[in-house]
Number of protein chains: 2
Amino acid sequence: MMATRDKLIDGAIAAIREHGIAGVSARTIAATAGVNQALVFYHFGSVDDLLAEACRSVTAARVAVYRARLADVSSLRELLDIGRTLHRQEQAEGNLAVLAQLLAGAQNDPTLAESTAAALRIWTVEIESVLHRLLDGSPIAPVVDPAGLARAVSAAFIGLELYDGVDPEGASAAFDALERLAVLVEVIDDLGPLARRAARAKLRHLT
Amino acid sequence: MMATRDKLIDGAIAAIREHGIAGVSARTIAATAGVNQALVFYHFGSVDDLLAEACRSVTAARVAVYRARLADVSSLRELLDIGRTLHRQEQAEGNLAVLAQLLAGAQNDPTLAESTAAALRIWTVEIESVLHRLLDGSPIAPVVDPAGLARAVSAAFIGLELYDGVDPEGASAAFDALERLAVLVEVIDDLGPLARRAARAKLRHLT
DNA sequence: GTCTATAACGAGATAGAC
DNA sequence: GTCTATCTCGTTATAGAC
C-alpha cells in the first residue's frame with residue numbers, strides 16, 4: 001500500500017504525460033492518482049508545488065539509473081551508445097516528455113523554473129564529468145567545452161522530444177544527423193596534432 | 001486601423017509570449033488584442049484554431065525576413081553568422097519562445113500539432129536547401145545528411161530557448177559549444193580526402 | 001489524514017440585441 | 001461585425017465533519 005503523498009507525485013507525472021502542462025490540474029492529478037482532490041492542497045499547498053516536487057522526484061529516479069553506467073564509460077563511442085540507449089528508453093517511458101512539458105511551463109512560472117533548472121543541473125553535472133574524463137587528454141580538448149557541451153546535449157534532447165511529438169520521422173533523422181556529427185569529432189580526435197593545430201587556428205579567427 | 005482578425009492573431013502571439021501555452025485563453029487573448037472576447041469564436045471558431053492560425057502567421061512572417069539572406073550564403077562560416085544573428089534576433093523578439101510554447105502545447109493537441117509541424121517544415125526546408133548547396137561539393141558530403149541536420153538545428157534552437165528560460169548562462173555556454181562543433185566540421189572540410197576516408201570508415205563501423 | 005461541500009472565479013462557447 | 005449577457009463547466013482553494 002502506497003502513501004497518498006507518493007500517489008500524488010506519481011499521479012502528477014502521469015497526468016503531465018497524458019495531458020501536457022496546459023492540461024494538468026489538481027482534479028486531473030487526483031483522478032489519475034485515485035485520491036481526493038483536496039489532498040493535493042493538504043499535502044503540497046498548491047498544484048505548482050506538487051509539480052515542482054514531481055520534477056525533483058522523477059529526475060532523481062532517472063539519473064540514479066544511469067549514474068553507475070556513465071561512471072564506467074571510457075570512450076566517446078561508449079558514451080554515444082549510452083546516449084542512444086538513454087534517449088530511446090527515456091523517450092519510450094515518457095520521462096523526456098514530462099521534463100519537456102515542465103520546462104515549457106517553467107518559462108512563465110518561477111516555482112517551476114527553479115525545480116526544472118535544478119533537474120537540468122543534475123543531468124548536466126553527470127554528463128559533464130564524463131566528458132571531462134574522456135576529453136581532457138584528447139587532442140581536441142582545447143576546442144571543446146565539456147560544460148557547454150553537456151548543456152547542449154540536454155537542450156538537444158528536449159528539443160528533439162518536442163520535435164518528435166509532431167514529426168517522428170523528422171526527429172529520427174535529426175537524431176541520426178547529430179550522432180554522425182559526434183562521430184566526426186572522433187575522426188578529428190584520431191587525426192592527432194595536425195587537425196588540432198588547424199582547429200585552434202580556426203577558432204582564433206572566430207573570436 | 002487594423003482589422004479585428006489581425007488584432008486577434010497578434011494578440012494570440014503576444015499572449016503566448018506573456019503567459020505561456022498553459023496561460024492562454026480566449027479572455028487573455030482578447031484582452032491583449034483590445035477586443036471583445038466573443039470575437040475569438042466569431043472569427044476563428046475556437047481558441048485552438050486561432051492558435052493554429054497565429055502559428056502559421058508568425059512563421060510566414062519570420063521566415064520571409066531570412067529567406068533572401070539565406071539564399072545569398074556561400075560558405076559555412078556565413079551560414080553560422082546568419083544562424084547566430086537569427087538566434088539572437090528571434091530570441092530577443094520572443095518568436096522562439098512562442099514557437100516553443102506552441103510546440104509544447106502541440107504534444108497533446110492534434111490541431112496544434114499539424115500547424116507546428118507545418119511551421120517547422122517551412123523553417124527546415126529553407127535551412128536544408130542552403131546546407132545542400134554548401135555541402136554537396138564538399139569532401140564531407142557523404143558523412144552529413146542536410147535534411148537531418150536542418151531538423152537537428154531547428155530542434156536545438158527550440159531546446160536552447162527553453163533551457164534559456166531557466167538558466168540563461170548555461171544556455172549561452174551550450175550555444176557556444178555547438179558553434180565550436182560546427183567549426184570542427186569546417187576543419188574536417190578543409191583537411192580533404194584524408195579525413196573523408198577516415199570518416200567514411202568510422203561510419204561503416206557504426207551501422 | 002481523508003472526506004464532503006462549497007465559495008469564488010475563469011474557462012469555452014452561444015444567443016440575441018444592435 | 002461587434003457587443004452584452006448568460007449558460008455550463010472546470011478551476012483553485014478552504015471550511016469543517018469524520
Side-chain angles (χ1 to χ4, degrees), chain A residues 1-55 57 101-102 104-115, chain B residues 1-55 57 101-102 104-115:
Chain A
M1 177 201 158
M2 203 178 188
T4 299
R5 216 190 119 87
D6 295 332
K7 279 194 206 166
L8 280 169
I9 291 177
D10 288 355
I13 294 167
I16 295 172
R17 232 192 302 270
E18 198 169 344
H19 306 290
I21 192 69
V24 284
S25 69
R27 280 172 152 82
T28 59
I29 292 172
T32 307
V35 304
N36 190 281
Q37 170 260 148
L39 295 175
V40 168
F41 304 97
Y42 174 78
H43 284 284
F44 298 93
S46 71
V47 175
D48 243 42
D49 289 327
L50 168 52
L51 293 182
E53 187 59 41
C55 179
S57 170
Q101 290 294 318
L102 286 170
Q107 308 292 310
N108 298 279
D109 179 336
T111 304
L112 231 48
E114 207 177 328
S115 59
Chain B
M1 178 200 160
M2 203 178 188
T4 299
R5 215 190 121 87
D6 295 333
K7 279 195 208 164
L8 280 169
I9 291 177
D10 287 357
I13 295 166
I16 295 172
R17 234 191 302 269
E18 197 169 345
H19 305 290
I21 191 69
V24 284
S25 70
R27 283 172 153 82
T28 59
I29 291 173
T32 307
V35 305
N36 189 280
Q37 171 259 149
L39 294 175
V40 169
F41 303 97
Y42 174 78
H43 284 285
F44 297 93
S46 71
V47 175
D48 243 43
D49 290 327
L50 168 51
L51 293 182
E53 188 58 42
C55 179
S57 169
Q101 290 294 319
L102 285 171
Q107 308 293 310
N108 299 278
D109 179 337
T111 303
L112 232 48
E114 207 177 329
S115 59

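The shown structure was predicted, so the numbers you read here are calculated from the model rather than taken from an experiment.
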Rounding to an integer number of Å, can you tell me how far [X] [atom1] sits from [N] [atom2]?
X: N36(A); N: dT11(D); atom1: CG; atom2: P; result: 14 Å
X: K7(B); N: dC3(D); atom1: NZ; atom2: C1'; result: 14 Å
X: L39(A); N: dG1(C); atom1: CG; atom2: C1'; result: 7 Å
X: M2(A); N: dG1(C); atom1: CE; atom2: C1'; result: 17 Å
X: F44(B); N: dT2(D); atom1: CZ; atom2: P; result: 11 Å
X: I29(A); N: dT11(D); atom1: CD1; atom2: P; result: 10 Å

What distance separates [X] [atom1] from [Y] [atom2], expressed to the nearest 0.5 Å?
X: E53(A); Y: D48(A); atom1: CD; atom2: CG; answer: 13.0 Å
X: M2(A); Y: D10(A); atom1: CE; atom2: CG; answer: 4.0 Å
X: H19(B); Y: D109(A); atom1: NE2; atom2: CG; answer: 13.5 Å
X: Q101(B); Y: R17(B); atom1: CD; atom2: CZ; answer: 11.5 Å
X: I16(A); Y: C55(A); atom1: CD1; atom2: SG; answer: 8.0 Å

Practice prompt. Five pairs at each end of the helix from dG1(C)-dC18(D) to dC18(C)-dG1(D): take the axis at both ends and give me the angle between them to 10°.
Written response: 0°
Item to complete: Taking side-chain hydrogen bond (donor to acceptor under 3.5 Å, both in side chains) as the test, write out the residues that go with N36(B), two or more places apart.
Response: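 For N36(B) there are no side-chain hydrogen bond (donor to acceptor under 3.5 Å, both in side chains) partners, ignoring immediate neighbours.
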Worksheet entry | Derivation of the side chain to side chain contact (heavy atoms under 4.5 Å, CB included) call for I21(A) and L51(A) | CA-CA 10 Å; I21(A) 192 69; L51(A) 293 182; 4.1 Å; yes
Worksheet item: When every nucleotide of nucleotides 11-18 of chain C is labelled 5' to 3' by its protein contacts under 4.0 Å (heavy atoms), B for base, S for sugar-phosphate only, - for none, what sequence of letters results?
Response: BBBB----
Discussion item. Keeping T32(B) on the side-chain end and T28(B) on the backbone end, is there a donor-acceptor pair under 3.5 Å?
Written reply: yes
